[in-house]
Amino acid sequence: MKTLIAYFSRTGENYFNGIVRDIKKGNTEILAEHLQKIIKADIFKIEPLVPYSDNYRECCEQSHKEKIEQKRPPLKSDLPDTANYDTIFLGFPCWWGTVPMAVVTFLEANRINGKKIIPFVTHEGSGIEIILKDLKKICPNSEIYEPFECLGSNASSEKEKIQEWLNSCQKKEA
């Protein structure tokens, strides 16, 4: 069986240490690319059909509305056939304390169940407490492992920590 790295990441204005600044490569994408160099897995970028606004405030409003309304934004690319993958490293920023709805679309559309799901998550201090519970609800028959988490603003300097996490990746006990 094979491993897939599936990730959602956003460019444009992002929040960094109390300020909003424009970025050309998303924080989670930086982690996904580094992870791919280490584990040599296939990689897939989760992209909504209609991109989120580059404006930070507008993106926050749109993503909050999606969460409240439980909308599943359609995705841009054909989804990979996940039948041949037993492990999926799943990367995304923590939005509103949980999984972005574009990632939920990916998981549900692929019927990701019965797989090992190993999350890696960026945030700017919001924490990830709800994420594991929500992933369990979305993929109830999957093994959800303890996630790698880091401040998005530190993503490019987390290479050593990613390697340590991979070396000691432990399943979170429910």
Side-chain angles (χ1 to χ4, degrees), residues 1-11 14 25-48 63 67 72-73 75-174:
M1 293 296 267
K2 294 169 49 176
T3 298
L4 174 68
I5 300 168
Y7 72 94
F8 168 71
S9 195
R10 187 183 154 279
T11 58
N14 271 257
K25 182 176 279 197
N27 301 319
T28 308
E29 184 169 14
I30 291 168
L31 293 179
E33 289 175 350
H34 181 65
L35 189 58
Q36 185 187 34
K37 287 177 187 172
I38 297 171
I39 65 174
K40 310 290 188 231
D42 295 340
I43 194 164
F44 176 76
K45 184 174 184 178
I46 301 166
E47 297 179 274
S63 63
K67 179 185 175 211
R72 306 305 195 259
L75 301 181
K76 179 179 178 179
S77 303
D78 288 337
L79 299 174
D81 179 3
T82 57
N84 294 325
Y85 297 102
D86 63 339
T87 302
I88 298 174
F89 282 83
L90 184 65
F92 52 88
C94 178
W95 281 6
W96 300 102
T98 192
V99 182
M101 296 311 290
V103 176
V104 176
T105 300
F106 169 80
L107 292 169
E108 290 178 348
N110 271 305
R111 296 185 183 102
I112 303 288
N113 231 334
K115 310 271 184 199
K116 294 176 189 169
I117 298 176
I118 307 173
F120 57 102
V121 182
T122 58
H123 59 84
E124 273 308 309
S126 60
I128 62 167
E129 294 78 29
I130 300 170
I131 287 173
L132 293 175
K133 285 187 213 174
D134 288 348
L135 284 173
K136 266 294 197 201
K137 286 178 194 171
I138 299 163
C139 304
N141 297 318
S142 292
E143 291 180 76
I144 310 295
Y145 282 69
E146 188 66 37
F148 176 81
E149 67 170 301
C150 76
L151 294 177
S153 54
N154 292 342
S156 60
S157 63
E158 295 292 325
K159 293 177 182 177
E160 246 180 64
K161 287 183 183 175
I162 290 173
Q163 185 64 61
E164 290 170 13
W165 169 69
L166 285 171
N167 292 342
S168 65
C169 201
Q170 298 291 321
K171 179 181 173 188
K172 178 166 172 100
E173 296 298 322

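Only heavy atoms go into these numbers, but all of them, side chains included; no hydrogens, no water, no symmetry mates.
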With side chains defined as the heavy atoms from C-beta onward, is the minimum distance between [X] and [Y] less than 4.5 Å?
| X | Y | answer |
| --- | --- | --- |
| Glu149 | Phe120 | no |
| Leu151 | His123 | yes |
| Leu166 | Leu35 | yes |
| Pro147 | Ile118 | no |
| His34 | Glu158 | no |
| Leu107 | Leu135 | yes |

Roughly how far apart are [X] [atom1] and [Y] [atom2], rounded to 0.5 Å?
| X | Y | atom1 | atom2 | value |
| --- | --- | --- | --- | --- |
| Ile38 | Gln36 | CD1 | CD | 11.0 Å |
| Lys40 | Ile5 | NZ | CD1 | 10.0 Å |
| Asn27 | Tyr7 | CG | OH | 12.5 Å |
| Leu132 | Thr98 | CG | OG1 | 9.5 Å |
| Leu4 | Lys115 | CG | NZ | 9.5 Å |
| Lys133 | Ile144 | NZ | CD1 | 14.5 Å |

- Would you say Lys159 has more than 12 foreign heavy atoms packed within less than 6.0 Å of its NZ?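 Counting other residues, nucleotides and ligands, NZ of Lys159 stays at 12 neighbours or fewer.
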- Query: So with a 6.0 Å cut-off around NZ of Lys116, is the heavy-atom count from everything else above 12?
  - Reply: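 No, NZ of Lys116 has 12 or fewer neighbouring heavy atoms, counting only those of other groups under 6.0 Å.
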- How are the rings of Phe148 and Trp165 set to each other: parallel, tilted or perpendicular (split at 30° and 60°)? tilted
Whether the side chain of [X] engages the backbone of [Y] through a donor-acceptor N/O pair (distance < 3.5 Å, no angle test) should be reported.
| X | Y | answer |
| --- | --- | --- |
| Glu108 | Ile138 | no |
| Lys136 | Ile131 | no |
| Ser142 | Gly114 | yes |

So which heavy atom on [X] is nearest to which on [Y], and how close?
| X | Y | result |
| --- | --- | --- |
| Cys150 | Leu31 | SG-CD1, 3.8 Å |
| Glu33 | Ile43 | N-CD1, 4.5 Å |
| Ile117 | Pro119 | O-CD, 3.4 Å |
| Gly26 | Thr11 | N-CG2, 3.7 Å |

Name the atoms and distances for all side-chain donor-acceptor pairs under 3.5 Å in residues 75-93, with sequence neighbours left out.
from: Asp81; atom 1: OD1; to: Ala83; atom 2: N; distance (Å): 3.1
from: Tyr85; atom 1: OH; to: Asp42; atom 2: OD2; distance (Å): 2.5

